[in-house]
Each structure stands twice: as structure tokens, then as C-alpha cells.
Amino acid sequence: MQKCHFSCRPLSPYRFMSITLGVALIIVTASVMFTNHLVRQLRMQEEQYVRLWAEATERMISAEEGEDLSLVLSIIEGNTTIPVYLLDANNQVINTRNVTKPAKDLTALYGPIELEVQDNGTTFRYSIRYDESTLQTRLRYFPYVQFGIIILFGLVVIGTLYTMQRSEQNRVWAGLSKETAHQLGTPISSLMAWQDLLRMRYPDDELIPQMQLDIERLNTIADRFSKIGSEPELRPTNLSGVIRSTVTYMGTRISDKVTLTFLDQCPTPPCVLMNASLFGWVLENLIKNAVDAMDGMGQITLTLSRADKHITLDVTDTGRGIDRSLYRSVFRPGFTSKKRGWGLGLSLSKRIIEDYHRGHLFIESSELGVGTTFRIVLEEAEDR
């Protein structure tokens, strides 16, 4: 018997938002229709009440001296919600009730309800216009308030789901990174043992020190992977020394057609709270990115300077340059202009600098066909 397999995939935040908006639209449409029905009924009731109020007003105006007007007054005083205007024959307002803000255009109000009052054989003509009550206004706008609440609730749910999804992804990546660091430990230990054996047999071999550097490099990489997902330990560190060490290491491992230069413009060694291993990772990413941008040929200059207790490091290349519209996009995960690569280097570098070291990493300047300058800004440590 052939079995049917169903794949259960969680809804993406965007799909969930679409469904939420669809449901919200249905709810609001139904609410608007029902509310409009209620508003029409309320309007008819208010019209009947205003006509009764108009009759009571007409009766009070034409009442004779000594006539009992208690019922009429109770009807007039009973109107506490509907704004009404009493107009004379020239459409001039002579009295109002429940009016907090006079209408700019009286002809736009409901009515008119005409009144005729006889006094000593003379006929006086009046008219009454009225506006919708506060209750009717609130009822008419209620569906839109409801829609806004639903949208706000949907956005909160989407934000929560997105945060949970990101948190889960971060935990997965952190777990994979730590497992990678653990798996690297065994072959690195074997390489260190083989290197010791080669050093004993060939003590004068010039390649063995280079092997030592690469083994140390693997140890550094394993240490970096082990730190992903954990709060790194920051220590006061001589930034010039870290940069110089990275430049020395990378200088022998990039194209001979690339000139890598470090210009230290600080009169005294700058001290910064940092994790040297992770910061070196950032420098390597920026240098590799610059080499790729220059197609393996050009000049890379790292310039270190100090200003107002802030340390600035500029990494300048003579590569293709970056269009201004892409200044922010280059730091997004997955963004890459290379055929091969994950597009995570600059995103990871920005996170290391800004989240871990409380600094800033951004594109200071770039010109197409001329080159690009990435800038790192860190705060100098007080205890030097």
C-alpha cells in the first residue's frame, strides 16, 4: 500500500502575517457591516427623539402663562447627548444644546425640522438642525479602532515569532560551532604530535616553524568557534599588537601582488577592552574581503588613529568599490558578490564589533573603481 507523507513546516512570520491580516480583514468587514446597521437604527431613533424634542420646544415657546410645562421640560432636559441648533427664520442660531464645538456649516447637519409658533396672530418660523450623538460617532469609528488593535496584536505576535525563530537559529548555529570546535580538537592534537616528531628528526628544517604557525592558527580557529553563542571575555589589550600580529600572519598568506601595510598613528599604544581572538577574526575577514574586491592585486592599508578617547581603525583597499545604495546591504547575512561563499564574513564581523565590543563597524567611504574604506571605532579603555 502506498503511503502518503505530509511535511509539516512551521509558518513563516510573513505567511502568518498574511493570514492574520486576512482574518482581520474579514472580522473588520463583518464588524463594519453590523456597526453600520446599528448606526442606521440609532440614527432613526435619534431622529424620532429630535422631532419629539422639537415638538416640546415648540410647545414651550407657544405656551400660555400658568400652563403646566413639566412634561415638556422633562423632554427638553432629557436630551443630554444629541447636539441641536435652534435657528430663526434667517437661519441664525438663537440657541443650542449639547454643542461643544459649533458646526462650521449648518447645512451639513441633519434636518431641518420646521417649527411654527403663533403669538397674538403673528406666525414665527423656526427650524431645528441636529448632529449625530457622541455614541453614534464612537460606534461608527469602532470597527477601525478594532482593526488597529488586531493589526497591533498581529505585529506583536509576528515580532514574538520572529524573535523565537532567530533565537532558535542562533542556538542551532552556536551548537554546530561548538561541536565543530570539539571535532577539530582531535586532528589538531595529532598534528601537534607529528610536528614534535618532525622537529626531533629534522631540527633544521625551515618549514617546521611555518607548520607551527598553521597549527596555532587551527587552534585559534577552534577557539573562535567555541566562543560563538557565549559572552566573550574582554581584556585590556594593546590594539596595535593585535593588528600587527594579524597583518604579519595574513601578509604571507595572500597574493604576492597585494601590498598589505599597517600605519600606526597613535603616539602611545592604544589599550582597548577586547577579545583578541575574535577581533583578529574581524581583521582577517576585512582583509580577505579587500583581497577579493581587488581580484588579488592592489594595496590594502590599515590606519590606526586616536581621537577623543576613541580608537579608529580604517581598512582601505584599491578594489572595485561599493555602490552607496549597498552600504547597509553588505552587512546582511547572505549578501555576497562572489560566486562562492556564504556572505557571512561582514555580518559576523559587524556583530563581533558592535554586540561584543560595543563599537561600530561601517563603510566610511567608497568610490566605484577606486576603492573602499571600512572603519572600526572602539572606545579606549580607561585603565591603561
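- The two atoms that bring Thr35 and Leu139 nearest to each other are CG2-O, 2.7 Å, heavy atoms only.
- Residues Val377 and Leu234 do not share a hydrophobic cluster, defined by chaining ILVMFWY side chains whose heavy atoms lie under 4.5 Å apart.
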Would Leu348 and Trp281 count as a side chain to side chain contact (heavy atoms under 4.5 Å, CB included) if you check the C-alpha gap in whole Å, the side-chain angles of each, and the deciding distance to 0.1 Å? CA-CA 9 Å; Leu348 181 60; Trp281 197 354; 3.6 Å; yes
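- The backbone N or O of Asn275 lies less than 3.5 Å from no partner atom in the side chain of Tyr356, so there is not a single donor-acceptor pair.
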From CA spacing to verdict: side chain to side chain contact (heavy atoms under 4.5 Å, CB included), Thr246, Ile243: CA-CA 5 Å; Thr246 304; Ile243 299 173; 5.8 Å; no
Test Glu47 against Arg51 for salt bridge (Lys or Arg N to Asp or Glu O under 4.0 Å), laying out the working first. CA-CA 6 Å; Glu47 181 181 0; Arg51 289 189 179 278; 3.6 Å; yes
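- In plain terms, the two heavy atoms of Ala54 and Ile128 that are nearest each other are CB-CD1, 3.4 Å.
- Side chains of Gln45 and Gln41: a donor-acceptor N/O pair is absent below 3.5 angstrom, by distance only.
- Salt bridge Asp131/Lys101: absent, no basic N to carboxylate O contact under 4.0 Å.
- Under the 3.5 Å distance criterion, with hydrogens and angles disregarded, no donor-acceptor pair is assigned to the side chains of Asp314 and Thr316.
- Summarising the geometry of Gln265 relative to Ser305, their closest heavy-atom pair is OE1-CB, 4.0 Å, with the distance given to 0.1 Å.
- Listed here is the closest heavy atom pair of Met274 and Val242: SD-CG2, 4.1 Å.
- Shown here for Ser133 and Pro83, the closest heavy-atom pair between the two residues is CA-CD, 4.2 Å.
- Note that the CD atom of Glu116 and the CD atom of Glu58 stand 8.0 Å from one another [nearest 0.5 Å].
- For His357 (side chain) and Ile352 (main-chain N/O), a donor-acceptor pair under 3.5 Å exists by modelled atom type.
- Test Asp88, Leu115, Leu106, Asn91 against Ser127 for side chain to side chain contact (heavy atoms under 4.5 Å, CB included) and you get one pass: Asn91.
- The two atoms that bring Leu304 and Ser240 nearest to each other are CD2-OG, 3.3 Å, heavy atoms only.
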